[in-house]
Amino acid sequence: MRHKTFWDTLDGDERKAMEQVGRAPRDPVEPGGTILRQSDLADRVALIISGACRVLWHGENERTTYLASRRRGELIGEMGLLDHGPRNATVMALNRTYIRWYGRETFEGLLAEHPGILRKVLMTVCARLKESDHHRVVVACAPARLRLARLLLRLAEAEGETTALGIEIRQVTQEDLGDWLGMGREAAGRRVRELQGLGLLGDAPTRSRIVVTDIEGLRRHAFGPEPEEQPSHTAEDDDR
């Protein structure tokens with residue numbers, strides 16, 4: 001079951017206040033388009049009206065790290081606006097995405113006039129910090145053989161589209177997975193083939209898609225108990 005979005009937490013009056021201000025462009029952001037760019041001045045915040053986005057952090061040596069996915073009803077860009085700092089991540093559209101923009105002055109006026117909205121924005125920020133910490137531990141601290149499975153499980157749950165082939169994760173390549181996990185494309189490819197051999201992933205129709213064929217099996221594989229370590233074999237054992 002998916003978690004509540006920022007919009008879900010608002011009451012009727014708060015939703016009406018949000019709808020009465022801001023600017024909603026007529027045209028959507030097309031798939032792959034950049035909505036917010038890392039290091040830019042944080043001068044506005046956006047509410048996703050429809051569609052979905054992916055949040056990425058760009059580090060040294062052109063390495064990219066997956067941070068989160070955002071969907072309809074969620075705010076994006078609120079952290080930079082609140083702390084008056086630069087954007088700390090890039091947000092790209094996964095599909096045709098419509099958004100409503102709130103400039104700094106407009107959004108700060110909205111929060112001053114509606115304390116309930118301010119409280120829910122702060123709750124959203126706290127929840128995201130906890131989410132970030134949790135997933136950093138779950139993925140980064142996992143054994144190497146499980147890190148890819150855990151990342152794919154998170155992506156499938158956050159972004160997956162159910163098709164005749166299974167749950168498709170779109171706009172992601174093996175190169176992306178290797179980059180996000182710091183293991184390189186070839187290592188990520190080997191891990192993908194291992195999961196295919198276990199019947200957890202299928203053959204994708206394009207290079208930029210991953211197909212999960214057994215989501216519950218992938219979950220058990222990613223978080224199941226570690227296999228017991230077998231005692232080492234010694235020459236003394238042969239003499240017994």
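For clarity, every value in this text was computed on a predicted model and none was experimentally measured. Side-chain atoms are counted along with the backbone in the values below, which use heavy atoms only and exclude waters and symmetry mates.
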Can [X] and [Y] be counted as an ion pair, charged N to O under 4.0 angstrom?
X: Arg209; Y: Glu161; result: no
X: Arg154; Y: Glu159; result: no
X: Arg44; Y: Glu105; result: no

Co-membership, hydrophobic cluster, residues [X] and [Y], 4.5 Å side-chain:
X: Leu67; Y: Leu148; answer: no
X: Ile48; Y: Trp7; answer: no
X: Val55; Y: Leu94; answer: no
X: Leu75; Y: Ile35; answer: no

Exercise. Quick one: which residue pairs count as a ring pair (Phe, Tyr, Trp, His ring centres under 6.0 Å) with a foot in residues 169-195, not counting sequence neighbours?
Key: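 Non-adjacent pairs meeting ring pair (Phe, Tyr, Trp, His ring centres under 6.0 Å): Tyr66-Trp180.
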
Exercise. Measure the shortest side-chain to side-chain distance between Thr90 and His58 over non-hydrogen atoms and say whether it is less than 4.5 angstrom.
Key: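 Yes; the side chains approach each other to less than 4.5 Å.
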
Quiz item: Do Pro28 and Thr97 have side-chain heavy atoms sitting under 4.5 Å apart?
Solution: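 In short, these two side chains do not touch, never coming nearer than 4.5 Å.
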
Quick one: does any side-chain atom of [X] pair with a main-chain N or O of [Y] as donor and acceptor, under 3.5 Å?
X: Thr163; Y: Leu165; result: yes
X: Asp179; Y: Thr64; result: yes
X: Thr213; Y: Gly199; result: yes

Heavy-atom count around [X] [atom1] within 6.0 Å, excluding the residue itself: above 12?
X: Arg37; atom1: CZ; answer: no
X: Glu19; atom1: CD; answer: yes
X: Glu194; atom1: CD; answer: yes
X: Glu131; atom1: CD; answer: yes

Practice problem: Compute whether any side-chain donor of one residue and acceptor of the other, for His84 and Arg104, lie under 3.5 angstrom apart. | Solution: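 A pair is found: one side chain offers a donor N or O, the other an acceptor, under 3.5 Å apart.
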
Quiz item: Among side-chain atoms of Glu74 and Thr5, is any donor-acceptor pair under 3.5 angstrom?
Solution: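 Distance-only check fails for Glu74 and Thr5.
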
Taking every non-hydrogen atom, the tightest pair across [X] and [Y]:
X: Phe223; Y: Leu153; result: CE1-CD2, 3.6 Å
X: His221; Y: Leu198; result: CE1-CD1, 3.7 Å
X: Ile215; Y: Ala156; result: CD1-CB, 3.8 Å

Quiz item: When rounded to the nearest 0.5 angstrom, what distance separates CD in Glu216 from CG in Leu200?
Solution: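 Between atom CD of Glu216 and atom CG of Leu200 there are 11.5 Å.
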
Quiz prompt | Shared-cluster residues of Met123, by chain and number - hydrophobic side chains joined below 4.5 Å | solution =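 Grouped by the 4.5 Å side-chain rule, Met123 forms a cluster of one, so the answer is none.
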
Quiz item: So Val91 and Arg70, side chain to side chain contact (heavy atoms under 4.5 Å, CB included) or not? Walk me through it.
Solution: CA-CA 9 Å; Val91 180; Arg70 301 291 177 233; 5.9 Å; no

